[in-house]
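Scope of the values below: all heavy atoms of this structure, side chains included, with no hydrogens, waters or symmetry mates.
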Amino acid sequence: TKKNEVITSILAYSFCSGSLVLINKLILHELPYPSLIITLQLWAAIFFIYSLHYCCGIIDIDAIKWNAVIPYSLYTIAFSLGVLCNMKSLSLSNVETIIVFR
C-alpha cells in the first residue's frame with residue numbers, strides 16, 4: 001500500500017543518512033580533512049555513475065547542455081557549501097548533535 005511505501009522510504013532514508021554521518025565521522029577521525037573527504041566521495045559517485053553507464057549499460061546519461069550549466073552552477077555551489085558545512089560541523093561535534101539538527 002501507499003502508507004507502507006512511505007514508511008519504508010522514511011526508514012530507508014533515515015538508515016542511509018545516519019549511516020553516512022557515522023561513517024563520515026569515523027573517516028574524519030582518521031583523516032581530518034573534510035574537503036578532501038567530500039571531494040573523494042563525489043569523485044567516487046561520478047566514477048560509479050559513469051561505470052554503470054559505460055560498462056554495464058544500466059543507466060542513461062544525458063549530454064551536458066551548456067545553456068543549463070550556469071543556472072545549475074548556483075545550485076551546485078549551494079549544495080557543495082552545505083555538504084562542506086555539514087562535514088566541518090561533524091568534525092567539531094559529535095554524531096548525535098548532527099543527527100538531531102538534521
Side-chain angles (χ1 to χ4, degrees):
T1 65
K2 187 73 171 167
K3 183 178 178 181
N4 288 341
E5 185 177 327
V6 169
I7 291 171
T8 303
S9 298
I10 291 170
L11 292 174
Y13 175 79
S14 299
F15 175 75
C16 290
S17 178
S19 298
L20 186 61
V21 169
L22 185 59
I23 290 168
N24 280 339
K25 182 65 174 185
L26 292 172
I27 294 171
L28 280 170
H29 183 69
E30 295 297 321
L31 184 65
Y33 303 109
S35 56
L36 176 64
I37 294 168
I38 294 167
T39 302
L40 292 174
Q41 287 175 346
L42 292 176
W43 277 107
I46 291 168
F47 177 76
F48 181 73
I49 290 168
Y50 274 94
S51 296
L52 288 177
H53 175 70
Y54 288 112
C55 298
C56 306
I58 295 174
I59 61 172
D60 292 326
I61 298 175
D62 295 335
I64 293 177
K65 297 176 183 144
W66 289 103
N67 60 343
V69 169
I70 292 175
Y72 279 102
S73 62
L74 182 60
Y75 166 76
T76 304
I77 290 168
F79 173 78
S80 300
L81 287 174
V83 172
L84 179 63
C85 289
N86 185 44
M87 289 293 282
K88 288 295 283 183
S89 62
L90 187 59
S91 68
L92 298 172
S93 65
N94 59 18
V95 174
E96 294 84 6
T97 304
I98 300 301
I99 290 175
V100 166
F101 279 100
R102 273 187 160 187

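Residue Leu74 places its CG atom among 12 or fewer non-hydrogen atoms of other residues, nucleotides or ligands, all under 6.0 Å distant. Annotation for Ile46: atom CD1 counts as buried by contact number, over 12 foreign heavy atoms lying within 6.0 Å.
Atoms NE2 and CG, from His29 and Asn24 in turn, are 14.5 Å apart once rounded to the nearest 0.5 Å. Of the inter-residue distances, the one linking Ile77 atom CD1 with Leu81 atom CG reads 7.5 Å to the nearest 0.5 angstrom. Rounded to the nearest 0.5 angstrom, Ile27 CD1 and Ser91 OG are separated by 13.0 Å.
Residue Leu40 is grouped with residue Leu84 when hydrophobic side chains (ILVMFWY) are merged at heavy-atom distances under 4.5 angstrom, including chains of intermediate members. Phe48 and Val83 end up in different hydrophobic clusters when Ile, Leu, Val, Met, Phe, Trp and Tyr side chains are linked at under 4.5 Å. No chain of hydrophobic side-chain contacts below 4.5 Å, direct or via other Ile, Leu, Val, Met, Phe, Trp or Tyr residues, connects Val95 to Leu20. Under the 4.5 Å side-chain heavy-atom criterion for Ile, Leu, Val, Met, Phe, Trp and Tyr, Tyr54 and Phe47 are members of distinct hydrophobic clusters. Hydrophobic clustering places Ile38 together with Leu31 (ILVMFWY residues linked when any side-chain heavy atoms are closer than 4.5 Å, directly or through intermediates).
Considering every non-hydrogen atom in both Ile37 and Met87, the closest pair reads CG2-CE, 3.6 Å. Nearest heavy-atom pair, His53 versus Asp60, reported as atom, atom and distance to 0.1 Å: ND1-CA, 3.8 Å.
Side-chain contact between Lys25 and Ile98 is absent, with no heavy-atom pair separated by less than 4.5 Å.
The backbone N or O of Leu90 lies less than 3.5 Å from no partner atom in the side chain of Ser93, so there is not a single donor-acceptor pair. The closest donor-acceptor contact from the side chain of Ser17 to the backbone of Tyr13 lies at 3.5 Å or more, if one exists at all. Between the side chain of Ser19 and the backbone N or O of Cys16 there is no donor-acceptor pair closer than 3.5 Å.
Aromatic ring orientation, Tyr75 versus Tyr72: perpendicular (interplanar angle above 60°, classes split at 30° and 60°).
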